[in-house]
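Report on the structure given below.
In what follows, every chain begins at residue 1, and chains take the letters A, B, ... in the order their sequences are listed.
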Amino acid sequence: MALQVYSTLTRKKEPFHKKPGDAVTMYVCGPTVYKPSHIGHMVGPVIFDTVKRYLTYLGYKVTWVVNITDVDDKLIVRAGELKTTVPELATKMTDDYFDCLKKLNVTGIDQFPKATEHIDGMIAMMAKLIEKGCAYPADGDVYFDVSKDQDYGKLCGFDPEQLEGAGREVSGKKKNPGDFALWKGAKPGEPKEVTWESPWGPGRPGWHIECSVMSQKLLGDTLDIHGGGLDLRFPHHENELAQSESASDKTFAKVWMHNGLLKLRTPDGKEDKMSGSLGNVLNVADAFDRGVSGELLRFFLISTHYRSPIDLGTWDPKTEPLPSAIENARKAFDTFIRFTERFQRITGQSFYDSLKVDPRRTLSVDMSGYLSRFGEHMNDDFNTGGAVGVMFELVTTLNRTADLNRLEDSAPKRDDRSLATFGEGAMLLKEMGQILGLFQQKPEAAKLGGDDNLVAGLMSLLIDLRNNLRTTAKGIADKADPTKKALFDQTDLIRKRLAELNVTLEDRPAGTTWRVG
RNA sequence: GGCCCCGUAGCCAAGUGGUAAGGCAGCGGUUUGCAAAACCGUUAUCCCCCGGUUCGAAUCCGGGCGGGGCCUCCA
């Protein structure tokens, strides 16, 4: 099956309209930079980064733009609370956002246009809309006239007439209740740095116009893919679409993709949103501090289909540092981490640095099945959940290969012929990881605290001592010998006491390793 | 009230007409001095309920019940 993508506009999966090798443009609505990013803010970037990675893998030339909204009511309010300026707050929070993206391997965004750097373009588009009769100035503001847009509401299936019934009123300045602001006239007392001159008087842009202007300037009148969170469908995307198509008379976006939102419940089972007042906001930085790696978070977010809500379950931040759903994801993701460690023990190469994947290589029959099934899932509207399942199956197969052929044993016992198969499968796993944005950064081992060199030295000392005892004990042939038992009791005591300190010892053919956790 | 989505094992989660992927947890086994890790086996006669279409439905249609999103600035 060729690539199919679900479009919110038509509410069905459609064959992707481009041929491999073609250029593809993608625009995704980005953050309003007024607060540090919480994990919910990462859903969209991770999903669409994965979309770009897969399209790139298929041979498309993707250009991806994400806007930064750096002027807005929330920024003005927040800057006031913090006794800082809007530009300073925006810069700080933009840096926080970039830092989060980097840790989550979101590397595919080509440009981050800022709203404040495109005011001229917005003024030009508003002038055009007014000239075409689609918008009107009103006492310092400029509004879009939804009654002039024949198909307003088509993205969400809303009837403009019905919008009137839902508690919306025609304010003094608006002609229709559904009209929305393109330009907001400056109010007395608003800071200078959020005020720009315009033909309709000083003011600042409305929310939606920036995306219409910046996407058109950087990617043209018609986007191949427009993306964002499901919550942005209305009003933001509906309004963007209305403005852009009214201005250009062309299709604004061929495909609209909307990702599901993060869901969570507080212990009373009633609230289902992260909110500052409930204290259940999990900032990305907090998650990192609590031992969640960027790749683990990414793995968690792509373990389910992007259009489904991501369920964090019930979380009581007072008693649990992390939602249990993330702890469960950690256990699952550890399977891959352990495999990468095993790969290094067997081949002496780092899974993260040394493996260079050549996508043109040929695969043996038994390995090509995994890749084709992985591709079938990804072709089906980027079904990352199914694709991850294939990766688990591949790891199991590789571990079985390593077990059966004793690849961790020393040379005489090892069946070297199977090493090639093992290496081929590992390369395939690496390639799948690259497509999903995983295995790009070597995970930092959990630490015990204190001086790292000292800890490593002491652990080495303990392991050597313990292995001396084990060697001596194993050398005693008589199974009933009390000395043999006494020696093993000592080695088990060492392991037990270390376990109490959250250190796990693992005895392997090639030696003993230790890890935290 | 309007528009839309979802309901698969203890939990998470693929599967949209051909007889239920995968993960976590559990149980049994192999391996190991014993563990850990890994591997093998096992865990849903059935996919919220009722009716219908069909040779055949978790998948399509109708009706319930339950959960969720959006309806002017929340990613």
Could you tell me whether [X] contacts a base, only the sugar-phosphate backbone, or nothing, with contacts defined as non-hydrogen atoms closer than 4.0 Å?
X       : result
L505(A) : base
L232(A) : sugar-phosphate
A332(A) : sugar-phosphate
R233(A) : base
K184(A) : base
G40(A)  : base
H305(A) : sugar-phosphate

Any side-chain N or O of [X] under 4.0 Å from OP1/OP2 of [N]?
X       : N      : value
T335(A) : C24(B) : yes
S303(A) : C12(B) : no
N383(A) : A14(B) : no

Identify the nucleotide, in any strand shown, that forms a Watson-Crick or G-U wobble pair with [N], with both distances under 3.5 Å; if there is none, say none.
N      : value
C74(B) : none
U19(B) : none
C3(B)  : G69(B)
A58(B) : none
A37(B) : none

Proximity to the side chain of [X] - top-ranked nucleotide from [options]:
X       : options                : result
R515(A) : A36(B), A75(B), G2(B)  : A36(B)
E506(A) : U72(B), A75(B), A36(B) : A36(B)
F234(A) : A37(B), U72(B), C70(B) : C70(B)
D231(A) : A75(B), A38(B), C24(B) : A75(B)
F158(A) : A36(B), C71(B), C12(B) : C71(B)
L261(A) : C40(B), A14(B), G69(B) : G69(B)
V43(A)  : C39(B), A75(B), C4(B)  : A75(B)

Interatomic distance at [atom1], [N] relative to [M], whole Å:
N      : M      : atom1 : value
U42(B) : C3(B)  : C1'   : 46 Å
A13(B) : G23(B) : C1'   : 8 Å
G7(B)  : U43(B) : C1'   : 22 Å
G15(B) : G22(B) : C1'   : 11 Å
C61(B) : U53(B) : P     : 15 Å

[N] [atom2] sits how many Å from [X] [atom1], rounded?
X       : N      : atom1 : atom2 : result
L296(A) : C12(B) : CG    : C1'   : 14 Å
H237(A) : C70(B) : NE2   : P     : 14 Å
L398(A) : A38(B) : CG    : P     : 14 Å
L104(A) : A75(B) : CG    : C1'   : 14 Å
Y306(A) : G69(B) : OH    : P     : 20 Å
Y143(A) : C73(B) : OH    : P     : 14 Å
L155(A) : C71(B) : CG    : P     : 13 Å

Can you list the residues that meet the ring pair (Phe, Tyr, Trp, His ring centres under 6.0 Å) rule with [X], with sequence neighbours excluded?
X       : value
W207(A) : H236(A)
Y370(A) : none
F333(A) : F299(A)
W514(A) : none

Legend entry - Lys/Arg cation over aromatic Y6(A): K13(A), 6.0 Å, 45° cone: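 No - K13(A) does not lie over the ring of Y6(A) by the 6.0 Å and 45° rule.
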Under 3.5 Å between N/O atoms: give me all the protein pairs with nucleotides 30-34 of chain B, atom names plus distance.
residue: G33(B); atom: O6; partner: R470(A); partner atom: NE; Å: 3.1
residue: G33(B); atom: N1; partner: D492(A); partner atom: OD1; Å: 3.0
residue: G33(B); atom: N2; partner: D492(A); partner atom: OD1; Å: 3.2
residue: G33(B); atom: N2; partner: D492(A); partner atom: OD2; Å: 2.5
residue: C34(B); atom: O2; partner: D492(A); partner atom: OD1; Å: 3.4
residue: C34(B); atom: O2; partner: R495(A); partner atom: NH2; Å: 2.2
residue: C34(B); atom: N3; partner: R495(A); partner atom: NH1; Å: 2.8
residue: C34(B); atom: N3; partner: R495(A); partner atom: NH2; Å: 3.1
residue: C34(B); atom: N4; partner: D507(A); partner atom: OD2; Å: 3.3

Consider only side-chain N and O atoms of [X] and [Y], and report whether a donor and an acceptor are under 3.5 Å apart.
X       : Y       : result
Y143(A) : N176(A) : no
T69(A)  : N67(A)  : yes
E14(A)  : T10(A)  : yes
R298(A) : S293(A) : no
Q4(A)   : N379(A) : no

Listed by chain and number, what are the side-chain contact (heavy atoms from CB on, under 4.5 Å) partners of [X], not counting sequence neighbours?
X       : answer
P205(A) : V71(A), I119(A), M122(A), W183(A), W196(A), I209(A)
K114(A) : I68(A), D70(A), T116(A), E117(A)
N383(A) : H305(A), H377(A)
D286(A) : L282(A), N283(A), R290(A)

Legend entry - P31(A) or T304(A), whichever maps to the more 5' nucleotide of RNA chain B: T304(A)
Legend entry - Upstream residue (5' side of RNA chain B) when N239(A) and D403(A) are each assigned their closest nucleotide: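 Final value for this comparison: D403(A).
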Inset, instruction - Kindly write out the residues that satisfy salt bridge (charged side-chain N to carboxylate O under 4.0 Å, His left out) with D141(A), not counting sequence neighbours, or none if the list is empty. - result: K173(A)
Inset, instruction - For RNA chain B, determine which residues of residues 65-74 of chain A have any heavy atom closer than 4.0 angstrom to one of its atoms, and list them numerically. - result: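 Of all residues in residues 65-74 of chain A, the ones placing a heavy atom under 4.0 Å from RNA chain B are D72(A), K74(A).
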Strictly under 3.5 Å: I want the nitrogen or oxygen pairs between protein and nucleotides 16-22 of chain B, one per line.
residue: A21(B); atom: O2'; partner: E393(A); partner atom: OE2; Å: 3.0

